[in-house]
There are 2 protein chains.
Amino acid sequence: MASRDGTRADDAQETDKPPARPGGRREAHRRERAQALEAAALKLFLERGLEGVTIDDITQATGVAKGTFYRYFDDKAALVDGLLEPVRRELLAGLETCGHALAEARNVEAMFDAYRAVAAVIASALLQYPGVVRLYLQESRGPAVGARTKVAELARLVARHAVDITQKAHTSGLLRPIRPAVSGLAVVGAVERLLLAVLSEEDIGNPLELPDALTTLVLDGLRLPPGPRPGRRKLDGGPKRP
Amino acid sequence: MASRDGTRADDAQETDKPPARPGGRREAHRRERAQALEAAALKLFLERGLEGVTIDDITQATGVAKGTFYRYFDDKAALVDGLLEPVRRELLAGLETCGHALAEARNVEAMFDAYRAVAAVIASALLQYPGVVRLYLQESRGPAVGARTKVAELARLVARHAVDITQKAHTSGLLRPIRPAVSGLAVVGAVERLLLAVLSEEDIGNPLELPDALTTLVLDGLRLPPGPRPGRRKLDGGPKRP
DNA sequence: AAAAAGAGTGACCAGATAGTCATTATGGGC
DNA sequence: GCCCATAATGACTATCTGGTCACTCTTTTT
């Protein structure tokens, strides 16, 4: 299953085999074909799992000959990598931006904004690449072997960023003294489970209400504050006490 | 990979092939062998994933001939089922007990006790069957196909119980009005992610402090209550506000 | 139009894999 | 010590799988 050497670190992103010279015709067709292969593969991956899908399955589902696959991808892992690429790029960029913003933020509002931005990035990825996000959720916890390697790698990066971000948020002194590795991973776990629920169409109500619900949950917890205030509290400027 | 019919619902739990007649000697040896196969398989599953391990791998790692495997298990899925069995039994029993307790509980203390009991069940499973728990965490989100079927099934049951329990907790009127499907799944996600961290030996501090940290997080959230109270607050009767 | 470059094909190969089975070994009851 | 049910074996089959390649078809370049 594994093949080639993994030494060249700077291989191309989209279609990695022969670089198309002209900037016009053939290249467009090439991109279409590659995307057709990726789309068919993704569908199968979601149905049967990454390891349960063969190259033959993919080419048959795409309607091309087997050899064609290898004209576009080195192997299954390369296809998965291509599939993951846009999501990885946008997600990691969003997380890094959040980290930087948080490092400089010194008031609550800036902190909230940073988190909202991450939520927006996730929502965007969810809308643009629902299948890929689901693939990530399905496979990210398995051992980093074969075609799953890059997925697991992304999961590690996400976890690290999350803990990092939580760390930074903690230095602001606005959060309860819980170990960032704990609270950060807990939030990641919660978010990922809810995303999976949304993508699996488990009954979870209006997805658009999720960010608010989750924010409330994470910031203020489940326990109802014992006051005569039945309404839902959203993100305001932080509680001021008389 | 799939085989037989799935129609008989009451198949045996431990070793499912030929029921050993005498109640003494040979049966003990049989159980040992089965456990040896399960142990070797589990180790491989954790390294390479459920689908990445062949029957040959398992028998070689156990040091027996291939045919021997089929004397103990119908196929890989049956072995996984046997592996899962004790954890599933204890976990589901704990969740059901919690559900019943919660249905009758009418004060906060009884509610906390019910949750503590579930935490104890999880901790117990973690200590007795760390490998199996990890296998569950690794595989539970993949498509319910082949050997993964039973793992995915358990995951569904866990999710359902969690939502159910949260639902019941909500009827007590002590919790914030967040959809139970949302808060329940969020908690499951957080717990599972933290368990994975513990079992993967990610740096997460003292695992014994996890239940408290998580309880605080879930009940009271991350936001630090704005008062001159720097110490960590544990489970008490809930915050009273002036 | 001719030539060159790229794209597509599917038969083919070598190795792997699930599951079977005739044969041999073993251990317990007598 | 004998016998037989059970256990263990590993060679065997049929199928599948990743990957290759000589050949044909299509598009671009000259």
Side-chain angles (χ1 to χ4, degrees), chain A residues 1-5 14-37 40-41 44-45 48-80 145-149, chain B residues 1-5 15-37 40-41 44-45 48-80 145-148:
Chain A
M1 215 170 269
S3 71
R4 316 279 164 177
D5 60 338
E14 284 293 301
T15 62
D16 44 359
K17 290 301 275 297
R21 295 302 163 71
R25 198 60 160 276
R26 226 137 163 153
E27 196 184 354
H29 177 243
R30 190 172 174 76
R31 214 176 288 269
E32 272 174 36
R33 265 280 205 271
Q35 279 178 6
L37 282 164
L44 292 171
F45 290 157
R48 306 184 210 163
L50 223 37
E51 310 262 353
V53 177
T54 70
I55 308 292
D56 274 310
D57 292 335
I58 297 172
T59 53
Q60 276 174 33
T62 315
V64 300
K66 184 176 198 169
T68 302
F69 177 91
Y70 291 97
R71 192 157 272 288
Y72 289 89
F73 304 99
D74 274 345
D75 50 21
K76 211 163 59 174
L79 185 147
V80 171
V145 169
R148 215 186 289 107
T149 309
Chain B
M1 214 170 271
S3 72
R4 315 277 164 177
D5 61 337
T15 60
D16 44 359
K17 291 299 277 297
R21 296 301 164 71
R25 200 59 160 274
R26 228 136 162 156
E27 196 184 354
H29 177 244
R30 190 171 175 77
R31 216 176 287 267
E32 272 175 35
R33 265 279 207 275
Q35 279 178 5
L37 282 164
L44 292 171
F45 289 157
R48 306 185 212 163
L50 224 36
E51 310 263 351
V53 177
T54 69
I55 308 292
D56 273 310
D57 292 334
I58 297 172
T59 52
Q60 276 174 33
T62 315
V64 299
K66 183 175 199 167
T68 303
F69 177 91
Y70 290 98
R71 190 157 275 287
Y72 289 89
F73 303 98
D74 274 345
D75 50 21
K76 212 162 60 172
L79 185 147
V80 170
V145 168
R148 212 185 293 108

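Note that this is a predicted model, so its numbers are computed, not measured. Chain identifiers are assigned alphabetically (A, B, ...) following the order of the sequence lines, protein sequences preceding nucleic acid strands; residue numbering begins at 1 within each chain.
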To the nearest angstrom, how far is B:R30 atom CZ from D:dA5 atom P? 17 Å
Once you round to the nearest 0.5 Å, how far does OG1 of A:T59 lie from OH of A:Y72? 13.0 Å
How long is the line joining CG of B:L44 and P of C:dT17, in whole Å? 12 Å
Check: protein-nucleotides 9-12 of chain C nitrogen or oxygen pairs below 3.5 Å:
| residue | atom | partner | partner atom | Å |
| --- | --- | --- | --- | --- |
| C:dT9 | OP2 | A:A65 | N | 3.0 |
| C:dT9 | OP2 | A:T68 | OG1 | 2.9 |

Taking all atoms of both residues into account, what is the closest heavy-atom pair of B:L50 and B:A147, and its distance? CD2-O, 3.8 Å
Distance-minimising heavy-atom pair for B:K76 and B:F45: CG-CZ, 4.0 Å
Hey, is the side chain of B:Y70 poking within less than 4.0 Å of OP1 or OP2 on D:dT9, counting only N and O atoms? no
For the side chain of B:Y72, counting heavy atoms from C-beta on, which of C:dG19, D:dA7, D:dT17 is nearest? D:dA7
Return the value, rounded to whole Å, for the distance between atom CG of B:D56 and atom C1' of C:dT20. 13 Å
dist A:E32:CD -> A:Q35:CD (nearest 0.5 Å) comes out at 8.0 Å
For B:E51 against A:E51, the heavy-atom pair lying closest together: CB-CB, 3.7 Å
Validation: residues 60-69 of chain A side-chain donor-acceptor distances under 3.5 Å, sequence neighbours left out:
| residue | atom | partner | partner atom | Å |
| --- | --- | --- | --- | --- |
| A:T62 | OG1 | A:I58 | O | 2.6 |
| A:K66 | NZ | A:D56 | OD2 | 3.2 |
| A:T68 | OG1 | A:A65 | O | 3.4 |

Five-pair end axes of the helix from C:dA1-D:dT30 to C:dC30-D:dG1, angle between them (10°): 10°
Please give me the minimum heavy-atom distance between A:A78 and A:D74, naming the atom from each residue. CB-N, 3.9 Å
Using atom CZ of A:F73 as one end and atom C1' of C:dG8 as the other, report the distance to the nearest whole Å. 15 Å
Rounded distance (Å) that lies between atom P of D:dT17 and atom CG of A:D57: 7 Å
Rounded to the Å, how far apart are A:E27 CD and D:dT28 C1'? 14 Å
Could you give the CD1-to-C1' distance, from A:I58 to C:dG8, as a whole number of Å? 17 Å
Is there a donor and acceptor pair, one atom on the side chain of A:R26 and one on the base of D:dT27, closer than 3.5 Å? yes
Could you work out, with salt bridge (charged side-chain N to carboxylate O under 4.0 Å, His left out) as the rule, every residue matching B:R48, not counting sequence neighbours? B:D57
For B:H29 and D:dA8, is the shortest distance between a side-chain N/O and OP1 or OP2 below 4.0 Å? yes
Expressed in angstrom and rounded to an integer, what is the separation of A:Q60 atom CD from D:dG18 atom C1'? 14 Å
